[in-house]
Protein chains: 2
Amino acid sequence: MNKIKVLVVDDHPMVLEGMRSMLAQINFVHICGTVCSAYGAVESIKQLTPDIVITDINMPEISGIELALKIKNEFPDVKVIAMSTFKERSYISQMIQNGASGYLVKSASKEEIEEAILSVYEGKLYMSLDINLSATDKQELDNIPILSSREKEVLLLIADGFTNPQIAAKLFISLHTVDSHRKNLLTKFTVNNTASLIKLAARYNMV
Amino acid sequence: MNKIKVLVVDDHPMVLEGMRSMLAQINFVHICGTVCSAYGAVESIKQLTPDIVITDINMPEISGIELALKIKNEFPDVKVIAMSTFKERSYISQMIQNGASGYLVKSASKEEIEEAILSVYEGKLYMSLDINLSATDKQELDNIPILSSREKEVLLLIADGFTNPQIAAKLFISLHTVDSHRKNLLTKFTVNNTASLIKLAARYNMV
DNA sequence: ATCAAAATCCCTTTTTCAGGGGATAATAAA
DNA sequence: TTTATTATCCCCTGAAAAAGGGATTTTGAT
């Protein structure tokens, strides 16, 4: 059996080293390279022709989300596994939409990484969301409200400091409508003013 | 020369592996252990008697900040190096106040880690703040306003959704005073309403 | 001892928010 | 096709925040 060629992209040398060390223990995996920025990633893929790219989501300048899109466009056969701390839950769906096949938390064990690589290599999806979360973390995830797209728009504009009339003008809707969305946001987040709303939204990486 | 005994604490196995691999390349360092939670750390220090503990700041349940305090109380001779992504800048001062001797970003290179360990072992302070920051990150750091302790209190209460009258009651000060602090916060953050204020404060890990 | 900064308090006016109510098309899901 | 959701619009009231002005007393640093 040919080894699965894996390229790792992360801006933290420490994580790269960790991945390198962990992947070295998996016999069916060959680490064909590690890259510390999304800039070098595309070039490296061209040269090293990996089967799977494991990439951090949070990177300066070019995020893992954009990188996933680029990879899917230029190298449709290359599978992408996104990696991050559990906190960036809201980014995961974007990552999947951009063609990623898997999601790993950075607290993943060697076994999980192994499973993720195998699953993704076989064309399946792999998600390691529920693992390694503390009880409070899980509860937090469950409490993240589901917003409509319009509500998301309004939320972002609120967070950027726009007043209701300004938001109404921007979205070409009535002031009353903005007010309704705003009320619904407060209800969905079970808070009673803007400060709490934005604090929570920030914690969930929605703003 | 005796090797410097180092214990690493981090809840991400990947980072632990990375540190282990990087420290293994430094000849004057002996990794006497790695621990994946602050709970085990104290016990391990007792058994392994490290010279230096390198600990992540962000850990579930017990943070690195609390851990640093515990270590300084129970093992005053053990030096502590705090480690995190650059984002938690606001925690650094707390870490230092709690007796940490150094600060490493997770994007630190082997050389930086080497230097940090040496410096701290010799009783100096080591800070790796300005390294590996992108231009925009640096600019952001520069723009982080310096708040008085009172302002921090007020900011936290605002973020928790308390109104000015409630804050006044909690802090035993006049409503007018709260209002002044609030105005000063808006000025210092160069924003013009609460939503923007909390969004920024959240980004700077102040709430 | 002096100066600067921080923290405190006071006032006014305009604007915005919060919370309450309810209603109607359009769309998506069952 | 019926139901539920979403997005839209409207009204009201009182509370709170934004923005402007200014003043005094602690506290900390030089």
Side-chain angles (χ1 to χ4, degrees), chain A residues 90 93-94 96-97 142-204 206-207, chain B residues 90 93-94 96-97 142-204 206-207:
Chain A
S90 56
S93 61
Q94 293 178 53
I96 302 300
Q97 279 172 1
D142 285 341
N143 288 336
I144 297 181
I146 295 157
L147 304 184
S148 70
S149 55
R150 203 54 154 175
E151 284 168 340
K152 281 180 202 164
E153 281 184 281
V154 173
L155 174 61
L156 285 176
L157 291 170
I158 293 173
D160 283 333
F162 293 103
T163 65
N164 283 5
Q166 288 174 324
I167 296 173
K170 265 184 188 289
L171 300 182
F172 302 106
I173 56 179
S174 149
L175 174 60
H176 305 292
T177 308
V178 179
D179 205 49
S180 290
H181 289 308
R182 196 165 190 141
K183 277 188 291 188
N184 291 334
L185 284 169
L186 293 176
T187 305
K188 286 193 175 178
F189 280 84
T190 56
V191 295
N192 49 19
N193 63 33
T194 307
S196 308
L197 172 68
I198 300 300
K199 184 191 175 189
L200 262 190
R203 174 171 306 165
Y204 299 152
M206 290 171 157
V207 294
Chain B
S90 56
S93 62
Q94 291 179 54
I96 302 300
Q97 278 172 3
D142 286 341
N143 288 335
I144 295 181
I146 294 156
L147 304 184
S148 71
S149 56
R150 205 50 156 176
E151 285 168 340
K152 281 179 202 163
E153 281 185 281
V154 173
L155 174 61
L156 285 176
L157 291 171
I158 293 173
D160 283 333
F162 293 102
T163 65
N164 283 5
Q166 287 174 324
I167 296 173
K170 265 185 188 289
L171 301 181
F172 303 104
I173 57 180
S174 149
L175 174 60
H176 305 291
T177 309
V178 179
D179 205 50
S180 290
H181 288 308
R182 196 165 191 139
K183 276 189 289 190
N184 291 335
L185 284 170
L186 293 176
T187 306
K188 284 193 176 181
F189 279 84
T190 57
V191 294
N192 49 19
N193 63 33
T194 307
S196 308
L197 172 68
I198 300 299
K199 184 191 173 188
L200 260 189
R203 175 172 304 164
Y204 299 152
M206 289 170 156
V207 293

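Order of the sequence lines sets the chain letters (A, B, ...), proteins ahead of strands, with each chain counted from 1.
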**Report entry** Positional range of nucleotides in DNA chain D within the contact set of chain A, heavy-atom, under 4.0 Å
**Finding:**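 Reading along DNA chain D, I get D:dT6 to D:dC10.
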
Query raised in the report: How long is the gap from OG on A:Ser148 to CG on A:Leu185, to the nearest 0.5 Å?
Result: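 Going from the OG atom of A:Ser148 to the CG atom of A:Leu185 covers 8.0 Å.
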
Query raised in the report: Rounded to the nearest 0.5 Å, how far apart are NZ of B:Lys188 and NZ of B:Lys183?
Result: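 If we round to the nearest 0.5 Å, B:Lys188:NZ and B:Lys183:NZ are 14.5 Å apart.
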
Using atom types as modelled, flag every donor-acceptor pair under 3.5 Å from a side chain in residues 157-167 of chain A to any protein atom, sequence neighbours excluded.
from	atom 1	to	atom 2	distance (Å)
A:Asp160	OD1	B:Lys199	NZ	2.5
A:Thr163	OG1	A:Gln166	OE1	3.4
A:Asn164	OD1	A:Arg182	NH1	2.3
A:Asn164	ND2	A:Asp179	OD1	3.4
A:Gln166	OE1	A:Thr163	N	2.8

Query raised in the report: Does A:Ile173 have any side-chain contact (heavy atoms from CB on, under 4.5 Å) partners at least two apart in sequence or in another chain, and if so, which?
Result: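 For A:Ile173 the side-chain contact (heavy atoms from CB on, under 4.5 Å) partners, ignoring immediate neighbours, are A:Arg150, A:Leu171, A:Thr177, A:Val178, A:His181.
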
Whole angstroms only, please: what is the [atom1]-[atom2] distance between [X] and [N]?
{"X": "B:Asn164", "N": "C:dT8", "atom1": "CG", "atom2": "C1'", "result": "15 Å"}
{"X": "A:His176", "N": "C:dC17", "atom1": "NE2", "atom2": "P", "result": "14 Å"}
{"X": "B:Glu151", "N": "C:dA6", "atom1": "CD", "atom2": "P", "result": "7 Å"}
{"X": "A:Leu197", "N": "C:dC17", "atom1": "CG", "atom2": "C1'", "result": "12 Å"}
{"X": "B:Leu171", "N": "C:dA6", "atom1": "CG", "atom2": "P", "result": "18 Å"}

Query raised in the report: Are side-chain N/O atoms of B:Ser196 and B:Asn193 paired as donor and acceptor at under 3.5 Å?
Result: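 Distance-only check passes for B:Ser196 and B:Asn193.
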
Query - Interface residues of residues 177-185 of chain B with DNA chain C (non-hydrogen, below 4.0 angstrom) - result: B:Thr177, B:Ser180, B:His181

Report task. Name all pairs fulfilling the salt bridge (charged side-chain N to carboxylate O under 4.0 Å, His left out) condition that reach into residues 164-174 of chain A, sequence neighbours left out, sorted by first residue then second. Result ->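 Salt bridge (charged side-chain N to carboxylate O under 4.0 Å, His left out) check on residues 164-174 of chain A returns no pairs.
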
Report task. Heavy atoms only: give me the nearest A:Leu200-A:Phe189 pair and the separation to one decimal. Result ->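 Taking every non-hydrogen atom into account, CD1-O, 3.7 Å.
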
Query - Any B:Ile198 side-chain heavy atom under 4.5 Å of B:Leu155 side chain - result: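 Touching, per the 4.5 Å side-chain cut-off.
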
Report task. Please state whether the phosphate of C:dC17, meaning OP1 or OP2, lies under 4.0 angstrom from any side-chain nitrogen or oxygen of A:Asn193. Result -> no

Report task. Compare side-chain N and O positions of A:Thr163 against OP1 and OP2 of C:dC17 and report whether any pair is under 4.0 Å apart. Result ->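 No.
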
Query raised in the report: Any sub-3.5 Å donor-acceptor pair from A:Thr190's side-chain atoms to A:Leu186's backbone N or O?
Result: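 No.
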
Query - Axis bend over the full length of the helix from C:dA1-D:dT30 to C:dA30-D:dT1, computed from five pairs that close each end, to 10 degrees - result: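 Answer for the end axes of this duplex: 80°.
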
